[in-house]
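Beneath this line is the structure, given in structure tokens, with notes to follow.
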Amino acid sequence: MSQNEILQCRDVTVEFDGFKAVQGMNLDLHKGELRFLIGPNGAGKTTMLDVICGKVKPSSGRVTFGEKVDITKKPEHQIAEMGIGRKFQAPSIFSSMTVLENLEIAMRQKRSVAATLFARLSSEAKDRLHHQLDMIGLGDKSGHRAGGLSHGEKQWLEIGMMLLQEPEVLLLDEPVAGMTDKETDKTGELLHEIALKRSVVVVEHDMEFVRNFASKVTVMHEGKLLKEGSMEDVQGDERVAEVYLGKRRDDYASRSTA
Amino acid sequence: MAWRQWTPRQWWILGGYAVATAVLFAAPLFVSDFRLNLLAKFLAFAIVALGLDLIWGYTGILSLGHGIFFGLGAYAMAMYLKLEASGGKLPDFMSWSGLKELPLFWKLFEPFGAAVALGLLIPALLALGLGFFTFRNRIRGVYFTILTQALVIIVTTLLVGQQAFTGGTNGVTGYSTLLGYSLASPDTKRVLYWVTAAALLGVFLFCRFLTGSRFGKVLRAIRDGENRVRFIGYNPALYQTVIFTVSAGIAGLAGMLFVLHVGIISPSMLGIVPSIEMVLWVAIGGRGTLIGAALGAILMNWAKSEFSTAYPEGWLFFMGALFVIVVVFLPKGVAGLFQSPPPWLNPGKLLDRVRNGGSGTRGGPLLRLLRKKDNGKSIQSVRRQAE
Ligand SMILES: Nc1ncnc2c1ncn2[C@@H]1O[C@H](COP(=O)(O)OP(=O)(O)OP(=O)(O)O)[C@@H](O)[C@H]1O
Ligand SMILES: [Mg+2]
């Protein structure tokens with residue numbers, strides 16, 4: 001429990017109608033850390049992120065954020081306001097609004113009705129929005145309807161929105177799923193940049209992608225913590241190979257015989 | 001100044017609004033008293049439509065209970081008018097029902113100012129209460145809509161059942177004066193028309209302010225993805241409750257004006273069918289655009305008054321058919337045509353589309369259908385080039 005800790009999940013258990021999707025899971029995150037959360041399908045990775053951002057209430061366990069506040073009892077919008085940002089697996093942007101409008105409402109600001117009624121876009125805020133637009137490579141699409149963007153662009157827009165939200169902890173669920181190689185590379189660059197300033201948890205299936213980062217990796221399996229360490233440690237671990245990489249080998253085997 | 005950078009299109013739109021406003025206020029000069037009275041009623045309907053558009057068009061929450069908010073405003077004004085017409089005596093329907101004394105809550109509506117305030121506040125507070133409990137508990141979509149219908153049934157049942165206090169099925173009618181001016185006089189009617197036109201303009205500008213603000217953007221964001229809004233840090237329930245309350249207050253205002261022009265309010269004028277009709281005006285005019293909602297209400301009611309006298313049976317079929325056509329081909333209503341005009345309305349754009357193989361992303365199913373055709377053409381032209 002060092003000073004440097006920003007997020008602490010202790011003994012988190014989540015039940016869906018008696019089925020334990022997550023069981024006694026622990027996860028600690030330091031300030032400025034980039035962490036990968038990996039594991040086979042149904043391991044409980046998404047559910048774990050859901051717990052941290054308040055979407056799912058755990059049946060037991062604690063999640064403390066910053067100054068030792070248990071956030072499992074708080075509503076989602078308050079958790080978001082406290083500084084935990086979440087990107088879902090499927091890109092979810094506001095499709096009927098323009099790219100710029102999407103960023104504008106995501107931008108860190110007072111979220112009350114009175115504040116948004118009389119909010120004006122200061123030139124400083126405009127600069128920030130345009131800087132962000134350039135960073136996510138949508139500089140020339142600010143007036144486009146967000147729903148008309150390509151899959152990759154939508155993902156970047158969402159990442160841009162999250163960054164403007166300025167969370168202390170960023171939770172990203174499979175940010176490169178469904179992206180082309182080029183888009184994946186670009187997302188990797190974005191991620192490097194993001195991780196300089198905040199703590200990030202990334203759920204990822206793409207091992208190649210994870211290998212690009214010298215970061216700690218947490219492996220989940222059947223709702224439990226299986227292994228935590230560097231990528232080499234994890235890859236060298238027998239149990240991990242069995243449940244995770246082994247499963248892949250089976251996949252290959254079944255595919256080649258088919 | 002910002003207007004220096006306006007595009008010709010923006011100037012055209014401004015010009016259009018200016019002309020529309022001028023016509024609106026000048027109507028008494030060239031319309032018969034009878035027609036003016038009808039038009040005034042339609043303007044009151046346009047005001048409800050604007051309020052309904054805020055909650056449905058912009059926030060994506062369908063209320064089939066706006067007849068009630070409209071009706072409560074109407075009853076507030078009707079009670080004031082009835083008391084003034086009764087001149088200190090007990091209103092006629094009360095004595096027929098055997099009441100000896102004016103019920104306490106009727107006394108609240110005796111001063112004009114109080115009646116107007118209550119006509120706004122009662123619908124707004126009712127919506128606030130309903131909204132608070134439903135939105136906070138994340139009841140929405142069809143479930144919310146069903147609840148608003150339940151509200152309609154409860155309120156109309158109360159109004160019909162409590163005949164001694166509400167006038168029952170006959171409603172409240174038989175007014176004579178407003179603040180001492182005869183309601184029957186053409187001069188009063190003209191002034192009331194202008195008051196209604198001014199109210200419509202005021203509500204329009206107010207809605208414009210709301211929808212143009214960042215608050216309005218949050219509303220649209222809620223329509224697109226309520227959960228996502230929550231994870232940005234906004235509390236959608238708060239925004240939904242606020243806009244539902246505002247929308248109900250606007251409906252109440254419209255109801256008050258309606259009674260002044262029509263001279264009667266009864267439960268049948270605020271029941272389920274009127275509530276659904278209000279939604280149809282907005283759907284056909286164009287939800288998500290204020291001008292579409294307002295014009296939809298005015299034109300649909302004008303058409304109704306023209307048609308339904310000639311073919312009372314045919315009108316409902318016509319309206320139903322129109323609704324189906326709009327839903328299938330023009331999801332953004334008639335106003336949507338002007339926002340992103342389909343190619344067949346704009347030859348220049350059509351040519352452009354054909355040349356570029358339709359790379360646009362806007363528009364409804366009709367547009368997409370046409371675009372598919374464009375794609376076919378461009379493929380053909382590519383083939384031709386290849387040959
Ligand atoms: N709302 C829910 N109701 C019931 N079961 C659920 C629910 N959400 C998740 N589960 C189950 O919990 C388990 C963990 O799901 P989760 O989505 O967290 O896995 P994951 O590690 O993200 O998998 P993937 O790699 O496929 O995204 C799965 O077996 C899933 O079927
Ligand atoms: Mg998942």
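Here is the naming used below: chain letters follow the sequence lines, and residue numbers restart at 1 for every chain.
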Reported [atom1]-to-[atom2] distance for the pair [X] and [Y], which is rounded to 0.5 angstrom:
X        : Y        : atom1 : atom2 : value
A:Met97  : B:Lys217 : CE    : NZ    : 7.0 Å
B:Arg228 : A:Asn102 : CZ    : CG    : 8.5 Å
B:Arg223 : A:Ser95  : CZ    : OG    : 8.5 Å

Within a radius of less than 6.0 Å around [atom1] of [X], do more than 12 heavy atoms belonging to other residues, nucleotides or ligands occur?
X        : atom1 : result
A:His151 : NE2   : yes
A:Lys186 : NZ    : yes
A:Lys110 : NZ    : no
B:Phe209 : CZ    : yes
A:Asp181 : CG    : no
B:Trp11  : CH2   : yes
B:Tyr17  : OH    : yes

Can B:Arg214 and A:Ile105 be said to form a side-chain contact (heavy atoms from CB on, under 4.5 Å), step by step?
CA-CA 7 Å; B:Arg214 198 171 290 163; A:Ile105 67 160; 4.1 Å; yes

Using side-chain contact (heavy atoms from CB on, under 4.5 Å), reason through B:Ile232 and A:Phe94 one step at a time and then give a plain yes or no.
CA-CA 12 Å; B:Ile232 289 179; A:Phe94 305 115; 3.7 Å; yes

Is a side-chain N or O of A:Glu76 found less than 3.5 angstrom from the main chain of B:Asn227, in a donor-acceptor match?
no

Between [options], the one whose heavy-atom pairs under 4.5 Å with chain B are most numerous:
options                              : result
A:Met162, A:Glu101, A:Glu81          : A:Glu101
A:His144, A:Gln78, A:Arg108, A:Lys55 : A:Lys55
A:Ile79, A:Ile93, A:Leu117, A:Leu121 : A:Leu117
A:Glu158, A:Met82, A:Arg86, A:Met161 : A:Glu158
A:Ala119, A:Ala114, A:Ser92, A:Pro75 : A:Ser92

Quick check on A:Arg120 against chain B: is it the side chain, the backbone, both or neither that has a heavy atom closer than 4.5 Å?
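It is the backbone, since no side chain atom gets that close.
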
Checking B:Tyr234 against A:Thr116 for the side chain to side chain donor-acceptor pair (under 3.5 Å) test, could you report, in this order, the C-alpha distance in whole Å, the side-chain angles of both residues, the deciding distance, and whether it holds?
CA-CA 10 Å; B:Tyr234 296 99; A:Thr116 52; over 6 Å; no

